[in-house]
> 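Can you read through this structure? Questions will come right after.
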Amino acid sequence: MRSKRLNSVFYGRDAADLARDLIGTILVRRVGSKELRARIVETEAYVGEHDLACHAARGRTARTEVMFGPGGHAYVYFIYGMYDMFNVVSGPAGDAQAVLIRAAEALGWNADLSGPGKLTRAMRITRAHNGVDLTGDKLFFLGNPGRRPRIVKAKRIGVDYAKHWKHALLRFVDGDSPALSRPVT
DNA sequence: GCGTCGATGGCA
DNA sequence: GCCATCGACGCG
């Protein structure tokens, strides 16, 4: 079954909706003459400047600049001295929301994509991709070609500093996937 | 199987 | 000093 490339209308919605709807979609990464594909199984929504877990909560800075732009662009940042995190900017320009891509299943190649740092390393996504248009040819998503996944909501990982926002159920997983970064408990 | 900890560098 | 992580290590 052939699926359509996700477009700016899809990305222009709230991060929580986008995070949920990205589960089951296919991430395509073209590098040289190769094409790496992966089925998204885990995401997290960071819903704007009022969300204390969202990087944009600390204002507009050089790092968070792309989050304040229009949806459908990559926000890639470097953390812990060795990992790049891949996010999809969500919502309209001026509304700093994004979806962190946390885990996926490799399609047609062998890789462990069960974590945000593992996923970017294996798919060769780096800070060089910060700001790239996800409706372009190097990095994009295809709509879910299969059956509707069983979506499970949970608390986001690693945001205990975020006061009451740490309890928000903004992590979305495919409840039937064996490739999650962590169990949902 | 579990919890703890070090690596490693950009950021505010 | 902290961090939207990962993998190695020690346990018993």
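Naming convention: chains lettered A, B, ... in sequence-line order (proteins, then strands); numbering from 1 in each chain.
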> Within less than 4.0 Å of OP1 or OP2 of C:dG7, is there a side-chain N or O belonging to A:K118?
yes
> Measure from CE on A:M67 to C1' on C:dA4 and round the result to the nearest Å.
11 Å
> What's the OH-C1' distance between A:Y83 and B:dG9, to the nearest Å?
13 Å
> Salt bridge or not between A:R60 and A:E65? Use side-chain N to carboxylate O under 4.0 Å.
yes
> Please give, in whole Å, the distance from B:dC11 C1' to A:Y80 OH?
13 Å
> Using a heavy-atom cut-off of under 4.0 Å over every strand shown, decide if A:I157 touches base, sugar-phosphate, or nothing.
sugar-phosphate
> I'd like to know if A:Y77 reaches the base of C:dA4 with its side chain, counting only an N/O donor and acceptor under 3.5 Å.
yes
> Students often get this wrong, so: under 4.0 angstrom with heavy atoms, is A:R182 touching a base, only sugar-phosphate, or nothing?
nothing
> Output yes when A:R156 and A:D51 qualify as a salt bridge under the 4.0 Å nitrogen-oxygen rule, no when they do not.
yes
> For the pair A:K166 and A:D160, find out whether any cationic side-chain nitrogen is under 4.0 Å from an anionic carboxylate oxygen.
no
> Take atom NE2 of A:H55 and atom P of C:dC2, then tell me their distance rounded to the nearest Å.
16 Å
> Please pick, from B:dT8, C:dC6, C:dA4, the nucleotide with the shortest atom-to-atom distance to any side-chain atom of A:V159.
C:dA4
> Among B:dC11, B:dA7, C:dT5, which nucleotide sits nearest the side chain of A:M82?
B:dA7
> Find the distance A:I101:CD1 to C:dA4:P and express it as a whole number of Å.
17 Å
> Which whole-number value in Å describes the distance from A:D84 CG to B:dT8 P?
16 Å
> Heavy atoms from C-beta onward define the side chain here; which of B:dT8, B:dG10, C:dG7 lies closest to that of A:R121?
C:dG7
> Using a cut-off of 4.0 Å on non-hydrogen atoms, how would the nucleic acid contact of A:T61 be classed: base, sugar-phosphate, or nothing?
sugar-phosphate
> Under 4.0 angstrom, heavy atoms only, what part of the nucleic acid is A:A53 near: base, sugar-phosphate, or nothing?
base
> Short question: side chain of A:E42, backbone of A:L180 - any donor-acceptor pair under 3.5 Å?
no
> What residue among A:V41, A:N144, A:V173, A:I151 forms side chain to side chain contact (heavy atoms under 4.5 Å, CB included) with A:I23?
A:I151
> Between A:R5 and A:F140, is NZ or CZ placed under 6.0 angstrom from the six-membered ring centre and within 45° of the ring axis?
yes
> Establish, with yes or no, whether the OP1 or OP2 oxygen of B:dC11 is under 4.0 angstrom from a side-chain nitrogen or oxygen of A:R58.
no
> A:M85 CE to B:dG10 P: how many Å, rounded?
15 Å
> Mind checking A:R171 for me? I need base, sugar-phosphate or nothing, with any heavy atom below 4.0 Å counting as a touch.
nothing
> Nearest-Å distance, CD (A:E65) to C1' (B:dG10)?
17 Å
> If a pair means Watson-Crick or G-U wobble with both distances below 3.5 Å, what does DNA chain B look like in dot-bracket form, with | marking bases paired to a different strand?
|||||||.|||.
> Do A:I101 and A:Y46 belong together in a cluster built from hydrophobic side chains that touch within less than 4.5 Å?
no
> If you define the side chain from C-beta out and look only at heavy atoms, does anything of A:V76 sit under 4.5 Å from A:N87?
no
